[in-house]
Amino acid sequence: MISEIYDVIVVGGGHAGCEAAAAAANLGSKTLLITMNMQTIGQMSCNPAMGGIAKGQIVREIDAMGGFSGIVADKSAIQFKMLNRSKGPAMWSPRTQNDRMSFATEWRFALENTPNLDFFQDMVKGLIVENHKVAGVVTAMGIEIKGKSVILTNGTFLNGLIHVGDKQFGGGRMGEPRAFGITEQLVSLGFDAGRMKTGTPPRVDGRSLDYSKMEEQKGDENPQKFSYSDTPKLTEQKSCHITYTNENVHEILRSGFDRSPMFNGTIQSIGPRYCPSIEDKINRFSERNRHQIFVEPEGWKTIEIYVNGFSTSLPEDVQTKAIKQIPGFENAKIFRPGYAIEYDYFPPTQLKHTLETKLIENLFFAGQINGTTGYEEAAGQGLIAGINAHNKIYEKEEFTLNRNEAYIGVLIDDLITKGTEEPYRMFTSRAEFRLILRQDNADIRLTEKSFNLGLAKENRMKKAEEKIKKSEELESFLGGLSLKPGIINPILEENESNPVDQAYRASQFLTRPNINLEKLSKIEIIGEKVNQYSEEIREQVEINIKYKGYIEKEQESVAKQNRMENIKIPENFDYTKIFSLSSEAKQKLNNIKPKTIAQASRISGVSPADINVLLVYLGR
């Protein structure tokens with residue numbers, strides 16, 4: 001038995017576990033990270049990439065909060081792209097292609113250099129629970145480790161079952177054992193559990209591919225990065241490629257459907273809607289004669305290739321035959337076949353917004369155990385769970401993020417309030433205030449909050465304050481500078497924008513769709529001023545000016561929502577006594593126990609009429 005009593009025990013060394021352990025330890029909690037394999041801490045189990053649509057915003061939020069995901073992603077990046085540049089700034093989403101081995105190495109290095117953090121290699125098979133309060137864990141070797149709080153971040157390991165065609169074997173990832181015991185104990189304690197499915201594609205030998213038959217996908221010409229800290233920018237990038245399936249590929253895949261665990265009833269759990277397997281795609285979208293395949297390198301020095309878009313659990317002989325019909329893959333050598341994996345999860349309506357469970361005090365869940373997909377969603381939950389586990393032990397206030405403050409807030413509120421019956425994936429469309437929650441302003445939104453917690457350090461705070469100060473300086477300059485027709489009209493005409501017959505402020509011209517700061521900088525007085533500021537400041541100012549009216553409208557909506565957030569509902573409120581509520585509303589409200597009227601209004605099955613009844617009952 002380990003005699004030391006830990007403040008926080010984190011179970012699992014994936015993205016959620018890494019961020020949870022780092023947050024708790026950096027806040028001052030004596031923290032233990034328990035993992036089944038010390039060599040796979042921070043492992044990218046699926047694709048070698050971070051960020052993407054809405055996910056990139058989450059990584060920047062984690063970084064602004066003092067988390068490590070953005071730093072690790074920057075240090076292991078082999079390519080950077082800002083997605084959705086053709087759309088408005090609310091949609092811009094950073095994404096890196098990463099060196100898989102370097103990513104895990106950087107995570108381990110970051111954790112090993114974190115004070116207050118210990119490690120232990122073993123499988124956790126159960127919890128020590130005393131009077132509805134967690135008191136530690138029990139490992140497979142029978143070792144009891146006492147802890148004041150426990151964060152479960154088990155990923156796909158809880159009773160994991162891997163499928164390749166008609167073959168099935170237990171595992172949390174290919175080549176790694178599954179975890180057992182925790183689900184059974186939690187169910188015996190009163191928790192509801194369910195099963196979900198995810199999958200991964202084959203990995204192939206890059207030397208066996210013909211890239212001349214594919215479309216090259218280069219990184220951005222001027223690559224940015226995730227972290228607001230001084231991580232290095234990419235000076236060299238590695239290309240990805242795109243190719244396509246065809247009818248021959250589809251026909252071969254269909255020939256294996258009778259042996260597909262997805263179609264023959266072997267797999268009955270629900271997989272991710274927005275990342276379907278290739279067999280699911282050709283079945284659901286049978287009218288399409290081709291699907292995109294992204295050919296992604298696994299790192300700088302490895303020949304291994306990730307075949308993004310070809311996730312499958314079909315028999316390996318069918319996978320091999322079909323993949324060789326894809327242009328460029330005619331001579332492909334497969335390192336390992338794709339597979340599906342089923343695993344246990346716990347519907348997240350059983351949690352508070354802090355990610356503490358409602359049934360067992362000081363027990364927290366984060367990541368795929370809550371029904372989410374993706375490294376980024378997991379990492380964001382891990383950060384919040386780590387903060388709150390520390391705060392609970394040290395009797396500090398709960399820390400939560402509202403929907404108008406962060407994508408992480410949207411993610412957790414959706415899970416806790418609406419629940420999920422299929423793997424949850426974040427999109428920009430899920431955030432009603434996405435123009436405020438942009439990737440470029442995460443530091444402005446969140447650094448002060450984290451600094452007040454004690455997580456973001458003083459240098460982070462100074463950087464954020466400097467950014468705000470310089471942005472305001474440049475915005476004020478453009479708002480006060482008057483441009484006469486003779487100066488501005490040549491630029492307007494050159495960019496097919498209507499000329500003016502009187503002077504206007506420089507900021508007013510920025511609101512025109514064809515005019516940006518770079519074009520206005522051709523005017524000497526503007527160019528001299530603008531060149532004094534970084535690209536980051538210039539981008540911030542241009543967005544603030546160009547979208548000022550829309551941002552103000554969104555802020556008005558936030559103020560309305562906040563008024564509803566301020567109407568608290570007593571913790572043990574008995575909804576069954578309110579006869580005017582619908583039966584469904586009573587059931588859902590009693591189950592979820594919303595803290596505010598705003599949260600109650602977002603529960604599926606609670607109507608506006610039900611909310612009005614609640615307001616009357618609460619004297620509002």
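Between Gln540 and Asn441, some side-chain heavy-atom pair lies under the 4.5 Å cut-off. Proximity of Arg438 to Gln57: side-chain heavy atoms (C-beta onward) are nowhere separated by under 4.5 Å. Residues Thr354 and Ile384 have side chains not in contact (no heavy-atom distance under 4.5 Å, counting atoms from C-beta outward). Put simply, the side chain of Tyr375 does not reach to within 4.5 Å of the side chain of Gln43, judged on heavy atoms. Side chains of Glu536 and Asp440 form no contact here, defined as non-hydrogen atoms less than 4.5 Å apart. Side-chain contact check for Thr156 versus Ser45: every heavy-atom pair is 4.5 Å or farther apart. In this structure the side chain of Tyr345 never reaches within 4.5 angstrom of the side chain of Gln368, judged on heavy atoms. Residues Leu355 and Asn388 form no side-chain contact, since every pair of their non-hydrogen atoms from C-beta on lies 4.5 Å or further apart.
The closest donor-acceptor contact from the side chain of Glu61 to the backbone of Ala442 lies at 3.5 Å or more, if one exists at all. Side chain of Asp610 to backbone of Ser607: a donor-acceptor contact under 3.5 angstrom is found. Remark: the backbone N or O of Asp63 is paired with a side-chain donor or acceptor of Arg460 at under 3.5 angstrom. Judged purely by atom type and a 3.5 angstrom limit, Asp443 has no side-chain atom pairing as donor or acceptor with the backbone of Ala464. Between the side chain of Asn590 and the main chain of Lys586, a donor-acceptor pair closer than 3.5 Å is present. Side-chain atoms of Ser450 never come within 3.5 Å of backbone atoms of Thr447 as a donor-acceptor pair (strictly under, hydrogens ignored).
Summarising the geometry of Ser76 relative to Phe103, their closest heavy-atom pair is OG-CD1, 3.3 Å, with the distance given to 0.1 Å. In terms of heavy-atom proximity, Ser269 sits nearest to Glu342 at OG-OE2, 2.6 Å. Minimum interatomic distance between Ser604 and Lys588 (heavy atoms only, all atoms of both residues): O-NZ, 2.9 Å. Smallest separation of non-hydrogen atoms from Thr417 and Ile592: O-CD1, 3.1 Å. Heavy atoms only, all atoms of each residue included: Pro423 and Thr373 are closest at CB-CG2, 3.1 Å. The two residues Arg445 and Ala406 come nearest to each other via the heavy atoms NH1-CA, 3.6 Å.
For the salt bridge (charged side-chain N to carboxylate O under 4.0 Å, His left out) test, residues two or more places apart in sequence or in another chain that qualify with Glu565 are Arg602. Asn562 is linked by a side-chain hydrogen bond (donor to acceptor under 3.5 Å, both in side chains) to Asn404, counting only residues two or more places apart in sequence or in another chain. For Arg85, the salt bridge (charged side-chain N to carboxylate O under 4.0 Å, His left out) partners are Glu539, not counting sequence neighbours. For Thr357, the side chain to side chain contact (heavy atoms under 4.5 Å, CB included) partners at least two apart in sequence or on another chain are Phe191, Leu351, Ile360, Leu363, Phe365. Residues forming a salt bridge (charged side-chain N to carboxylate O under 4.0 Å, His left out) with Glu465 (at least two apart in sequence, or on another chain): none.
In this structure, Arg60 is positioned above the aromatic face of Tyr228, its NZ or CZ under 6.0 Å from the six-membered ring centre and within 45° of the axis.
Between the CZ atom of Arg273 and the CD atom of Glu422 there is a distance of 4.0 Å, given to the nearest 0.5 Å. Atoms CG and NZ, on Leu455 and Lys457 in that order, are 6.5 Å from each other to the nearest 0.5 Å. Within the model, atoms NE2 of His353 and CD of Gln599 stand 4.5 Å from one another, a figure rounded to the nearest 0.5 Å. Here the CG-CD1 distance, from Leu615 to Ile611, works out to 7.0 Å after rounding to the nearest 0.5 Å. Atom CG in Leu111 sits 9.0 Å away from atom CE in Met38 (nearest 0.5 Å). Rounded to the nearest 0.5 angstrom, Arg425 CZ and Cys275 SG are separated by 6.0 Å.
The pair Asp230-Lys225 does not meet the salt-bridge criterion, since no charged nitrogen lies less than 4.0 angstrom from a carboxylate oxygen. Salt-bridge check for Lys352 with Glu398: failed, with every basic side-chain N at 4.0 Å or more from each acidic carboxylate O. Salt bridge present: Asp414 and Arg403 bring a charged side-chain N and a carboxylate O closer than 4.0 Å.
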**Request:** Mind running salt bridge (Lys or Arg N to Asp or Glu O under 4.0 Å) on Lys30 and Asp118 for me, showing each step along the way?
**Result:** CA-CA 8 Å; Lys30 186 63 181 169; Asp118 291 345; 3.5 Å; yes
**Item:** Step-by-step side chain to side chain contact (heavy atoms under 4.5 Å, CB included) determination, Ile393 to Asn362
**Value:** CA-CA 8 Å; Ile393 297 309; Asn362 294 352; 4.0 Å; yes
**Request:** Show the numbers, then the answer: is there a side chain to side chain contact (heavy atoms under 4.5 Å, CB included) between Gln561 and Phe433?
**Result:** CA-CA 11 Å; Gln561 188 190 72; Phe433 304 119; 3.6 Å; yes
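Ser69 and Glu19 form a side-chain donor-acceptor contact under 3.5 Å, judged by distance and modelled atom types alone. Side-chain atoms of Glu184 and Asn159 include a donor-acceptor pair closer than 3.5 Å. Side-chain N/O atoms of Asn116 and Thr31 include no donor and acceptor closer than 3.5 Å. If you check the side chains of Thr96 and Asn98, you find a donor sitting under 3.5 Å from an acceptor. A donor-acceptor pair shorter than 3.5 Å can be found between the side chains of Gln381 and Thr372. Asp344 and Thr183 form a side-chain donor-acceptor contact under 3.5 Å, judged by distance and modelled atom types alone. Thr139 and Asp122 are linked by a side-chain donor-acceptor pair at a separation below 3.5 angstrom, with hydrogens and angles left out of the test. Side-chain atoms of Tyr394 and Asp7 include a donor-acceptor pair closer than 3.5 Å.
Other residues, nucleotides and ligands contribute at most 12 non-hydrogen atoms within 6.0 Å of the CZ atom of Phe109. In the displayed structure, Glu458 atom CD is contacted under 6.0 Å by at most 12 heavy atoms of other residues, nucleotides or ligands. Within 6.0 Å of atom CD in Glu4, more than 12 heavy atoms from other residues, nucleotides or ligands are found, so the atom counts as buried in its surroundings. Open room surrounds NZ on Lys470; 12 or fewer heavy atoms of other groups in view lie less than 6.0 Å from it. Counting non-hydrogen atoms of other residues, nucleotides and ligands closer than 6.0 Å to CG of Leu359 gives a total above 12.
Centroid-to-centroid, the aromatic rings of Tyr575 and Phe573 come within less than 6.0 Å. Aromatic ring centres of Phe399 and His390: separated by at least 6.0 Å.
Across Leu152, Thr153, Ile151, a single residue satisfies side chain to side chain contact (heavy atoms under 4.5 Å, CB included) together with Ile369, and that is Leu152. Considering Gln439, Arg430, Met426 in turn, Met426 is the only one that fulfils the side chain to side chain contact (heavy atoms under 4.5 Å, CB included) rule with Tyr407.
Among residues at least two apart or in separate chains, there is no side chain to side chain donor-acceptor pair (under 3.5 Å) pair with a member in residues 542-556.
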